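This report concerns only the one structure given below.
In the text below, chain A, chain B and the rest are named by the order of the sequence lines, each starting its count at 1. A quick note: this is a predicted structure, and the numbers were derived from the prediction, not measured.
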There are 2 protein chains.
Amino acid sequence: MSEPRWLDASQQRDWRAYIEGSVRLADLLDRDLKAKHGLTTAEYEILVRLSEAPDRRLRMAELAEYASQSRSRLSHTVARLECKGLVSRGTCGDDKRGVNAELTEKGFAFLERAARDHVATVREYFIDVIDPEDLKAVGRAFSAVVEQVGKAR
Amino acid sequence: MSEPRWLDASQQRDWRAYIEGSVRLADLLDRDLKAKHGLTTAEYEILVRLSEAPDRRLRMAELAEYASQSRSRLSHTVARLECKGLVSRGTCGDDKRGVNAELTEKGFAFLERAARDHVATVREYFIDVIDPEDLKAVGRAFSAVVEQVGKAR
DNA sequence: ACTTATTGGTTGAAGATTCAACAAGCTTGG
DNA sequence: CCAAGCTTGTTGAATCTTCAACCAATAAGT
């Protein structure tokens, strides 16, 4: 029952490297996006998901799912984006409870510029410093994590 | 100059898997720690670093570095931990500006319990779902990221 | 049809993090 | 010595996130 099962030395090293790297990278990406475009990562992620959706529009619940955010958080964040004129909200046709978030023209243009810089930074600090085979392994690893975390609900 | 250099399909998949997995995992770990022990991940991380330091004590600046937190954030967080009686602050001998944070007995006992549960969760959602070779690759990948991000300063 | 439960989304307050400004102690150069 | 410039750490306000409570609309059970 209460067997500790500690991590062995190698697992511990890998886990810690991941924690340190992910925190520092997230921090850097956040600052970068904030400095160059005045966006938080959460805001950026929302714009990206919307830009890829048909008609650049999604219901709040779906958007929350795709962007890995709570609904409450999404409400607040979209409110901010709406103030900036990058997203607009409208009611949903078939379900009167539903709300559609839609990327505005301005939002799309804005995202195009931001994405350029963002991708360059992701390359510089992530993609380009990782061995291609290791990168694939990272992909496999985190896909497994996503699946496992999904089961928890 | 402004060549976009987008990610190819495979890189994009891997990057997105990482983003989604890391966000969802961090979220789960946070909730878990909060529900079972009333700690945030940031607080937990601080307790861990202190517990490993000689005399279970570190100067604020070092602690900030080890825990990957800004000094400001650390000040606030340690203040909270001090309120809970898990950490105590005292002035540093040789440098009168310095402040030492020290893990209390209570803090150590508390951490022992929290760490047990935390490690079990880390296993369940991370270590045990990743192929051992992939885990090593993750370790290499994020070590490289840490190094690269470090250069940015 | 009517009552109850569930889902979709928002809100405001509480909690955590960032940011800029600051005080106090060390250090360096003249 | 001392003045200007770093470094350490804290503070309060602004920003962002979480949490619990809530309303409105749909779905389900009887």
Hey, are the side chains of Arg24(A) and Val145(B) touching, using non-hydrogen atoms and a 4.5 Å cut-off?
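The answer is no; the side chains never approach within 4.5 Å.
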pair Arg59(A)-Asp95(A): side-chain heavy atoms closer than 4.5 Å:
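In contact.
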Ignoring hydrogens and angles, state whether a donor on the side chain of His37(A) or Asp117(A) is under 3.5 Å from an acceptor on the partner side chain.
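His37(A) vs Asp117(A): donor-acceptor pair found between side chains.
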Please state whether the rings of Phe142(B) and Tyr18(A) are parallel, tilted or perpendicular, taking 30° and 60° as the class boundaries.
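It falls in the perpendicular class, over 60°.
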Identify the heavy atoms of Arg73(A) and Ala42(A) that sit nearest to each other, and give their distance.
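Result for this residue pair: NH2-CB, 3.5 Å.
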Determine, step by step, whether Arg56(A) and Ser51(A) satisfy the side-chain hydrogen bond (donor to acceptor under 3.5 Å, both in side chains) criterion, reporting the C-alpha distance in whole Å, the side-chain angles of both residues, the deciding distance to 0.1 Å, and the verdict.
CA-CA 5 Å; Arg56(A) 293 177 194 161; Ser51(A) 76; over 6 Å; no
By the rule that ILVMFWY residues connect when side-chain heavy atoms come within less than 4.5 angstrom, directly or transitively, which residues belong alongside Leu74(A)?
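Members other than Leu74(A) - counting any ILVMFWY side chain reachable under 4.5 Å - are Leu33(A), Leu39(A), Tyr44(A), Ile46(A), Leu47(A), Val48(A), Leu50(A), Leu58(A), Met60(A), Leu63(A), Tyr66(A), Val78(A), Leu81(A), Leu86(A), Val87(A), Val99(A), Leu103(A), Phe108(A), Phe110(A), Leu111(A).
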Can you measure [X] atom [atom1] to [N] atom [atom2] for me and round it to whole angstrom units?
X	N	atom1	atom2	value
Asp27(A)	dT17(C)	CG	P	12 Å
Leu29(A)	dT18(C)	CG	P	14 Å
Lys34(A)	dT18(C)	NZ	C1'	9 Å

5'-most contact on DNA chain C: Glu43(B) or Arg31(A), nearest heavy atom basis?
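Its nearest nucleotide being more 5', the pick is Glu43(B).
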Its contact letters, B for base, S for sugar-phosphate only and - for none at protein heavy atoms under 4.0 Å, make nucleotides 3-11 of chain C read ----BBSBB
Are Val146(B) and Val138(B) linked, directly or through intermediate hydrophobic residues, by side-chain heavy-atom contacts shorter than 4.5 Å (ILVMFWY only)?
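No, separate clusters.
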Identify the 5'-most and 3'-most nucleotides of DNA chain D with at least one atom closer than 4.0 Å to a non-hydrogen atom of chain B.
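Contacts span dT7(D) to dC19(D), reading 5' to 3'.
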Heavy-atom nearest nucleotide on DNA chain D for Asp94(A) versus Gly38(A): which residue maps closer to 5'?
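Checking each residue's closest nucleotide, the 5'-ward one belongs to Gly38(A).
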